[in-house]
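Each remark here refers to the structure printed beneath this line.
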Amino acid sequence: PEWMAHANGVEGISSLLVIDKDPSQAAASYDRLGRWGQDFALEFADAGSLPARFGELAAHAPQRDAFFTAIRFRGGNRGFISMRARALGLPVREDADTLAVALPAFRTLLEFAD
């Protein structure tokens with residue numbers, strides 16, 4: 001609970017994007033681990049789908065056959081997060097429903113959505 005309050009307004013992690021050359025096989029492998037809670041999901045896709053979702057930020061994803069690439073957060077003050085990310089010089093992509101921020105040093109993408 002002490003980690004759940006933050007100035008950015010994020011309420012939790014809603015999903016984690018797993019990239020795999022065979023997304024169906026990866027999903028089946030993770031399914032063997034058991035079911036996740038109703039408020040969290042694992043998403044599976046291939047690397048070719050990243051540009052459609054993240055545009056130029058996709059270039060900051062790892063270049064491997066399989067990897068975790070994006071953490072999607074629930075809630076958050078997107079205006080505040082965007083302002084802080086830009087002030088830090090982080091690559092940002094915004095549309096009406098989603099804010100994406102790249103963390104190039106970590107080869108990770110963060111998404112903030114309602």
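- Shown here are the ring-ring contact (aromatic ring centres under 6.0 Å, His included) partners of Phe68, two or more places apart in sequence or in another chain: there are none.
- With values rounded to the nearest 0.5 angstrom, Thr69 atom OG1 is found 9.0 Å from Arg107 atom CZ.
- Applying the ring pair (Phe, Tyr, Trp, His ring centres under 6.0 Å) definition to pairs two or more places apart or across chains, those involving residues 72-91 are Phe73-Phe112.
- Annotation: side chain of Ile81 is in contact with side chain of Val10 (closest heavy-atom distance under 4.5 Å).
- Phe54 and Leu90 are not part of a single hydrophobic cluster, where members link through side-chain heavy atoms under 4.5 Å apart.
- Atoms CZ and CG, on Arg93 and Leu99 in that order, are 11.0 Å from each other to the nearest 0.5 Å.
- Going from atom CE of Met83 over to atom CG of Asn77 covers 8.5 Å, rounded to the nearest 0.5 Å.
- Listed by first and then second residue, the side-chain hydrogen bond (donor to acceptor under 3.5 Å, both in side chains) pairs that reach into residues 52-62 are Glu43-Arg53, Arg53-Glu111, sequence neighbours excluded.
- Follow the hydrophobic side-chain contacts under 4.5 Å out from Leu16 and you reach Leu33 in the same cluster.
- Under a 3.5 Å cut-off, the side chain of Arg78 and the backbone N or O of Ala96 do form a donor-acceptor pair.
- For Glu94, the side-chain hydrogen bond (donor to acceptor under 3.5 Å, both in side chains) partners at least two apart in sequence or on another chain are Ser82, Arg86.
- Using a 4.5 Å cut-off between side-chain heavy atoms of Ile, Leu, Val, Met, Phe, Trp and Tyr, with links allowed through other members, Leu109 and Leu42 fall into different hydrophobic clusters.
- Closest approach of Ala58 and Pro51 over heavy atoms only: CB-N, 3.8 Å.
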CA sep, side-chain torsions, deciding dist, call: Ile13, Ile71, side chain to side chain contact (heavy atoms under 4.5 Å, CB included)
CA-CA 7 Å; Ile13 298 172; Ile71 303 168; 3.8 Å; yes

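- Hydrophobic cluster membership is shared by Leu57 and Ile19, with clusters built from Ile, Leu, Val, Met, Phe, Trp and Tyr side chains linked at under 4.5 angstrom.
- Atom CZ of residue Phe40 and atom CZ of residue Arg74 lie 10.0 Å apart, to the nearest 0.5 angstrom.
- Listed by chain and residue number, Arg35 satisfy the salt bridge (Lys or Arg N to Asp or Glu O under 4.0 Å) test with Asp31 (two or more places apart in sequence, or in another chain).
- For Asp22, the side chain to side chain contact (heavy atoms under 4.5 Å, CB included) partners at least two apart in sequence or on another chain are Asp20, Ser24, Gln25.
- Side-chain heavy atoms closer than 4.5 Å link hydrophobic residues (I, L, V, M, F, W, Y) into clusters, and following such links, possibly through other members, connects Val18 to Leu110.
- Side-chain atoms of Thr98 never come within 3.5 Å of backbone atoms of Asp95 as a donor-acceptor pair (strictly under, hydrogens ignored).
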